[in-house]
> 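Please find one structure pasted underneath; my questions will follow.
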Amino acid sequence: LMGYVGFANLPNQVHRKSVRKGFQFTAMVVGESGLGKSTLINTLFNTTLYPRKEPLPPHAERPQTVSIQSISADIEESGVRLRLTVVDTPGFGDFVNNDESWKPIVEDIESRFDAYLEQETRVNRQKIVDNRVHACLYFIQPTGHSLKQIDIEFMRRLHQRVNLIPVIAKADTMTDEEIIEFKQRILADIAQHNIQIFQAPIHENEDEETLTEIEEITTKIPFAVVGSDQVVLTPDGREVRGRAYPWGVIEVDNEDHCDFVKLRQMLIRTYMEELREHTNTYLYENWRSEKLTNMGI
Ligand code: GDP
Ligand code: MG
């Protein structure tokens, strides 16, 4: 179990293409502090990209802006190397006035587009480094209520720039019924505000197995996730990644307990190429033509 990520199981063809291209993938996590972003990233990639945080001393100064922190790791599995970059956005939603929390994040995403464009327009285009953000996991507080203004505002500002994947944080704090209702509520809010979240494209001639996988993944969105970097003992004596409660253990890797496995499958196996492709041919292209239009070219 430990050490397993899954990208070595990419379908062969996609896999070869990715290896040839250098296999870079950048994911961003956004959401209010304490929703489990850092923990989920550790869980997802089974590493400790984030050292365990010391609690802030009571009088420590808190940063006054959203900061953008980028951490990279080379992960190897079955001889395949993946350069994974995680962009964290601590500070989002933490201030008295959060009206413009989205702004530094849009700026960061666009500056990555700029860096890519700059490389594309160079004469020597041999070694293009793709630091564009391929997926943005947006963490929603497990309230059971409608989306908050800050959630809607963020998604509205970002959906034309990045593949948005909403997730319900700390899903172990809600019952199964509450989660089902909350998901419907979130999707209704998203539709009502014309927010476009990442949608798995369905190609012609897709085989039965693939269609089933697509359906299994898409019906889970927004993924109800639980993160943990602890191994705990289940009542029946198994060692699992999970969170222990007096009433039992929530297993991160058990699909009956949460959607973590489906989220990982989507990001790292089924849709890694699609996320990169959509970023390149749609999100980046649109940004580029807007930019050139604004420059009067
Ligand atoms: P961040 O501020 O969004 O990066 O959140 P952290 O990953 O630092 O987690 C904040 C606290 O929530 C820590 O005490 C974690 O152990 C806890 N936590 C993280 N993920 C979960 C989860 O899925 N469920 C529960 N109940 N707690 C979690
Ligand atoms: Mg964090």
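Both counts, for ligands and for their atoms, begin at 1 and track the order of listing. Note that the numbering runs from 1 along the sequence shown for the chain.
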> Output yes when Lys220 and Glu215 qualify as a salt bridge under the 4.0 Å nitrogen-oxygen rule, no when they do not.
no

> Does the plane of the ring in Phe25 sit parallel, tilted or perpendicular to the ring in His134? Use 30° and 60° as the thresholds.
parallel

> Looking at Arg238 and Glu251, does any basic side-chain N land under 4.0 Å from a carboxylate oxygen?
yes

> Which atoms of ligand 1 sit under 4.0 Å from any heavy atom of Ser38?
4 (O), 7 (O)

> I want to confirm something. Looking only at heavy atoms, which of Gly227, Pro90, Cys258 is nearest to atom 23 (O) of ligand 1?
Gly227

> Could you tell me, atom by atom, which parts of ligand 1 come under 4.0 Å of a heavy atom of Ser33?
2 (O)

> For Asp172, take its heavy atoms, then give the atoms of ligand 1 lying under 4.0 Å from any of them.
22 (C), 23 (O), 24 (N), 25 (C), 26 (N)

> Let me check your reading of the structure: within less than 2.8 Å of the Mg ion (ligand 2), is there an N/O/S atom from Ser33?
no

> Got an N/O contact under 3.5 Å between Thr173 and ligand 1?
no

> Quick test of your reading of the structure: of Thr39, Leu35, Val225, whose heavy atom lies closest to atom 9 (O) of ligand 1?
Thr39

> Tell me whether Ala171 has any N or O atom under 3.5 angstrom from an N or O of ligand 1.
no

> Would Phe92 count as a contact residue for ligand 1, given that I'm defining contact as a non-hydrogen atom of the residue lying under 4.0 Å from a ligand atom?
no

> Under 4.0 Å from any heavy atom of Tyr245, which atoms of ligand 1 are there?
26 (N)

> Quick check with a 6.0 Å cut-off and a 45 degree axis cone: is Arg132 positioned over the face of Phe113's six-membered ring?
no

> Give a yes or no answer on whether the side chain of Thr39 reaches the backbone of Ser228 with a donor-acceptor pair at less than 3.5 Å.
no

> Based purely on interatomic distance, does Asp88 place a nitrogen or oxygen under 3.5 Å from a nitrogen or oxygen of ligand 1?
no

> Does the distance from a Lys or Arg side-chain N to an Asp or Glu carboxylate O, for Arg112 and Asp114, drop under 4.0 Å?
no

> Run the side-chain contact (heavy atoms from CB on, under 4.5 Å) test against Glu255 and tell me which residues pass, sequence neighbours left out.
Val261, Lys262

> Tell me, please, which residues at least two apart from Cys136 pass side-chain contact (heavy atoms from CB on, under 4.5 Å).
Met28, Val30, Phe154, Val162, Leu164

